[in-house]
Amino acid sequence: MSDGFIGVFDSGAGGISVLKNLVAELPQERFLFFGDSANAPYGDKDPADILLLSRRIVDMLLEQGAKAIVIACNTATSAAAATLRDEYPDIPIVGVEPALKPAVLAFPRGKILVMATAATLTLEKFHRLEEQWARQAEVVPVACVGLVELIEKGDLSSPELYAHLRNLVGPYRGQVDAVVLGCTHYPFVRDVIRDVVGDVPFFDGGAGTARQLRTVLAARGLLANPLDKGSVTFASSKDTADELALYQHFFELGL
Ligand code: DGL
């Protein structure tokens with residue numbers, strides 16, 4: 001058993017959708033969530049820059065004593081997880097990936113819309129995932145450029161958001177069997193996406209990441225005592241009271 005904390009990070013507030021799953025799965029753990037909102041979005045950046053930003057955050061979390069790291073960002077997982085695991089072999093590092101597998105298993109031979117950042121869809125990790133599942137279903141990847149910026153502003157339902165989403169995925173209304181939210185920001189606008197695309201099942205990687213974290217911590221004897229009282233602390237590179245209040249608000253939203 002261990003009394004260290006779990007460091008969770010994202011390019012911004014989106015990873016809080018994963019954090020909610022982590023807390024539900026492991027309520028006895030202490031979590032420190034760091035959002036790199038000053039540098040968001042990551043999804044339009046060069047992979048080498050995403051690696052540098054991610055490494056800086058991991059170093060900071062480890063210096064503060066993290067026992068494990070959760071990369072609550074599909075983009076940073078794709079660009080940095082493998083390298084960071086090589087660099088820190090003693091630290092469990094759990095990432096998140098687009099939930100294509102459960103979507104295809106639920107809709108074999110179906111048509112699956114995968115919404116993610118441009119970086120996630122361009123990097124090798126997604127190509128491998130697509131190769132693995134595209135024989136069993138039609139996979140339609142859509143890079144949702146500009147969407148994270150709106151969500152980072154706390155805009156979860158404005159006319160501008162609706163217009164942006166209609167532009168990105170409106171043409172798929174009635175055309176797909178399921179939607180994969182391949183960016184951890186998108187669960188916060190799931191209802192708006194559903195209004196635009198239609199009432200089909202949605203899949204995201206949050207619950208799978210939480211189960212994986214439990215497995216990894218258990219295997220290394222790092223789970224907290226089940227009687228411990230867990231906690232959640234927020235920090236941000238955009239270190240203002242308003243930003244931390246926005247994170248708290250996102251954490252309290254029902255998803
Ligand atoms: N939330 C992130 C993801 O899951 C990244 C969004 C961004 O910064 O572009 O991909």
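Just so you know, ligand 1 is whichever comes first in the structure, and atom 1 is the first atom listed for that ligand. Positions are given from 1, in the same order as the sequence printed here. Note: hydrogens, waters and symmetry copies are ignored here, and every other heavy atom, side chains too, is used.
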_Protein heavy-atom partner closest to atom 10 (O) of ligand 1 - residue, atom, separation in Å_ =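 The protein heavy atom lying closest is T75 OG1, 2.6 Å.
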| message | I need the nearest protein heavy-atom contact for atom 9 (O) of ligand 1: residue, atom name and distance, please. | response |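 Looking at atom 9 (O) of ligand 1, the protein heavy atom closest to it is G43 N, 2.8 Å.
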### Query
Can an N or O of T120 be found at a distance shorter than 3.5 Å from an N or O of ligand 1?
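N/O-N/O distance below 3.5 Å does not exist for this pair.
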Original post:
For the residue pair A210 and L22, what are the closest heavy atoms and their distance?
Top reply: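 Distance-wise, the nearest heavy atoms are CA-CD2, 3.6 Å.
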Going by the order shown, which atoms of ligand 1 are within less than 4.0 Å of some heavy atom of [X]?
X	value
T117	6 (C), 9 (O), 10 (O)
D10	1 (N), 2 (C)
Y42	7 (C), 8 (O), 9 (O)

Does a side-chain heavy-atom distance below 4.5 Å link L84 with E87?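 The answer is yes, as the side chains (C-beta and beyond) meet within the 4.5 Å cut-off.
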Checking heavy atoms under 4.0 Å, the part of V148 that sits near ligand 1 is side chain
Please work out, at 4.0 Å between heavy atoms, whether the side chain, the backbone, both, or neither of V96 comes within that distance of ligand 1.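 Near ligand 1, V96 shows nothing, with every heavy atom at 4.0 Å or more.
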**Asked** So is S11 in contact with ligand 1, going by heavy-atom distances below 4.0 Å?
**Response**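 S11 counts as a contact of ligand 1 under the 4.0 Å cut-off.
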| For ligand 1, is C73 a contact, meaning one of its heavy atoms is under 4.0 Å away? | yes
Under 4.5 Å between side-chain heavy atoms, counting indirect links through other Ile/Leu/Val/Met/Phe/Trp/Tyr residues: same cluster for [X] and [Y] or not?
X	Y	answer
V23	F234	yes
L253	V192	yes
Y42	F126	no

- Residues, nucleotides or ligands: over 12 heavy atoms within 6.0 Å of R194 CZ: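 More than 12 within 6.0 Å, yes.
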For this session: Kindly determine whether E97 and T77 satisfy side chain to side chain donor-acceptor pair (under 3.5 Å), including the steps that lead there.
Result: CA-CA 7 Å; E97 68 176 21; T77 300; over 6 Å; no
